[in-house]
There are 2 protein chains.
Amino acid sequence: MVTKRTRKRKPGRPSKPIGREKLLTIARTAFAEHGYAGTSLSTIADAAGIRKASLYYHFDTKEELYFEVLSGVLTNMSSLIMNAQLGEGNFVDRIDRLSELVVDYFGEHPDASRLLVREAIGDGDFLSGPGKEVAQRVLDGAAIFLEAGMKVGDFRKQPPKQLAISIVGMHLFFFASSGMNSQFMGEDIFSPSILSERKESLVAQIRSLCVG
Amino acid sequence: MVTKRTRKRKPGRPSKPIGREKLLTIARTAFAEHGYAGTSLSTIADAAGIRKASLYYHFDTKEELYFEVLSGVLTNMSSLIMNAQLGEGNFVDRIDRLSELVVDYFGEHPDASRLLVREAIGDGDFLSGPGKEVAQRVLDGAAIFLEAGMKVGDFRKQPPKQLAISIVGMHLFFFASSGMNSQFMGEDIFSPSILSERKESLVAQIRSLCVG
DNA sequence: GTCTATATGGCGATAGAC
DNA sequence: GTCTATCGCCATATAGAC
């Protein structure tokens, strides 16, 4: 290979290199919590235990770091949704399974829903830029899936895109507004009990939305 | 009165005073589009045709201006919802009417949903500060309304707060993500045709969510 | 890979003239 | 009520030592 990934460090100073992945994780949380404009590189550097300038060794600009964070999130979501849609069974079983998978995913990745909602409302420039086609593919795929379910009679006939947007909104809003909703529910929405209640409720809600 | 609201201007310079309401409208759009952190007072001042420093005659701080904008939006939403819930008719008719009212409102006020979603995900400090009680009252009121509908058998029995959050998410996400959704729908979602399609679809969706 | 030091610019906010 | 001028701070980003 051309670039030699030197395994052993030189005897010099760089004794505790911080992984690029760790930086992305820290940045993901920061961007999710305060948005792109509201997050400074100092915040991220502090959380990582390095100086702000050191970030520029790993990423050329703040926007590149942000885009890389969002690319990861969108890729995960995309493959999750695509896989679930391709399973066996009738459309009702498939939408149930998809609902459960998405709730599980957002429950285990508290930053994801917030980042996606921020992008959806136009806070960052990823979905309107590099992530545009992937986002379109996911949404179009959802609409096609729902329409197919209507064609075979498993789902009630209705505008598929309207249905798709509503379902996405139900999924995202619950987790993205975690602070407000935790206050409303009287308990942290990421607690196991609320999470399982949400899963059961949402599966039933989305099913009646599609079928009823 | 003590402060004399001099109707006739002195012959001096201030020939075109900009109304406080106009400033709030401009600020509302700016905050909705770029968020609190992403909006600079220069932007607002430019849009208003005055200098940045002149804003401080009307508002003490950037946060005060922002809070005033959000206070207006939340007050409107609150009274809209409270009034609709108190109407006559069974619960199905009432939830239908409420759905229509909300779609109409967001359709006529493109900034509102975005501002509310931004606050819900913790971008600004209004809902977690001055607007906390109002927000709680609205959400609690919604849950109580839905629970009452279940008690009399108009609505299917289910966790009322889970239902409330889902409905709010459906309403907000469609309008707040106007750019992405317009691209997805292939037409501006604020166009009359999409707006009426959304109203019809969402009314049916929310009804089957509550009843089905 | 991380550091210090620095360049450059925009931000919120204030003072005081008109 | 709006202006010009300015202050102090923090932002992104760069240069170069170690």
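Residue numbering restarts at 1 for every chain, and letters A, B, ... go by the order of the sequence lines.
When rounded to the nearest whole Å, the span between CD of E64(B) and P of dT14(C) equals 11 Å. Taking atom CG on L41(B) and atom C1' on dT2(D), their separation rounds to 16 Å, with Å as the unit. Spacing between atom CD of E63(B) and atom P of dA13(C) amounts to 9 Å, rounded to whole angstrom units. Per the geometry, CG belonging to D60(B) stands 12 Å off P belonging to dA15(C), to the nearest Å. The interatomic distance linking L55(A) (CG) with dA11(D) (P) rounds to 13 Å, in whole Å. The CZ-P distance, from R51(B) to dG16(C), rounds to 22 Å in whole Å. Taking atom CZ on F59(A) and atom P on dG1(C), their separation rounds to 12 Å, with Å as the unit. Per the geometry, OH belonging to Y66(B) stands 17 Å off C1' belonging to dG12(C), to the nearest Å.
Nearest-nucleotide assignment on DNA chain D puts the 5′-proximal partner with G19(B), out of K52(A) and G19(B).
When only modelled atom types and interatomic distance are considered, S40(A) and T43(A) share a side-chain donor-acceptor pair under 3.5 Å.
Side-chain atoms of I167(B) and H171(B), non-hydrogen and from C-beta on, do get closer than 4.5 Å to each other.
The side chain of S54(A) contributes no N or O atom lying less than 4.0 Å from OP1 or OP2 of dG1(C). Between S40(B) and dC11(C), a side-chain N or O to OP1/OP2 separation shorter than 4.0 Å is present. Phosphate proximity of dA11(D) to S42(A): present, with a side-chain N or O under 4.0 Å from OP1 or OP2.
Contact annotation for T39(A): backbone-only contact, meaning every heavy-atom pair under 4.0 Å involves sugar-phosphate atoms and none involves a base.
Residue A53(B) places its side chain closer to dA15(C) than to any other of dC3(C), dA15(C), dG1(C). In the set dT4(C), dT14(C), dT12(D), the nucleotide with an atom closest to the side chain of Y56(B) is dT14(C). Checking dT14(D), dG12(C), dT2(C) against every side-chain atom of Y57(A), the shortest atom distance belongs to dT2(C). Taking only side-chain atoms of K62(B), from C-beta outward, the nucleotide of dT12(D), dA13(C), dT2(D) with the closest atom is dA13(C).
Remark: R94(A) is not positioned above the aromatic ring of F145(A), lacking an NZ or CZ atom under 6.0 angstrom from the ring centre and at most 45 degrees off the axis.
The aromatic rings of F91(A) and F155(A) stand perpendicular to each other, their planes meeting at an angle above 60°, with 30° marking the opposite boundary.
Across H34(A), R114(A), R118(A), a single residue satisfies side chain to side chain donor-acceptor pair (under 3.5 Å) together with D123(B), and that is R118(A).
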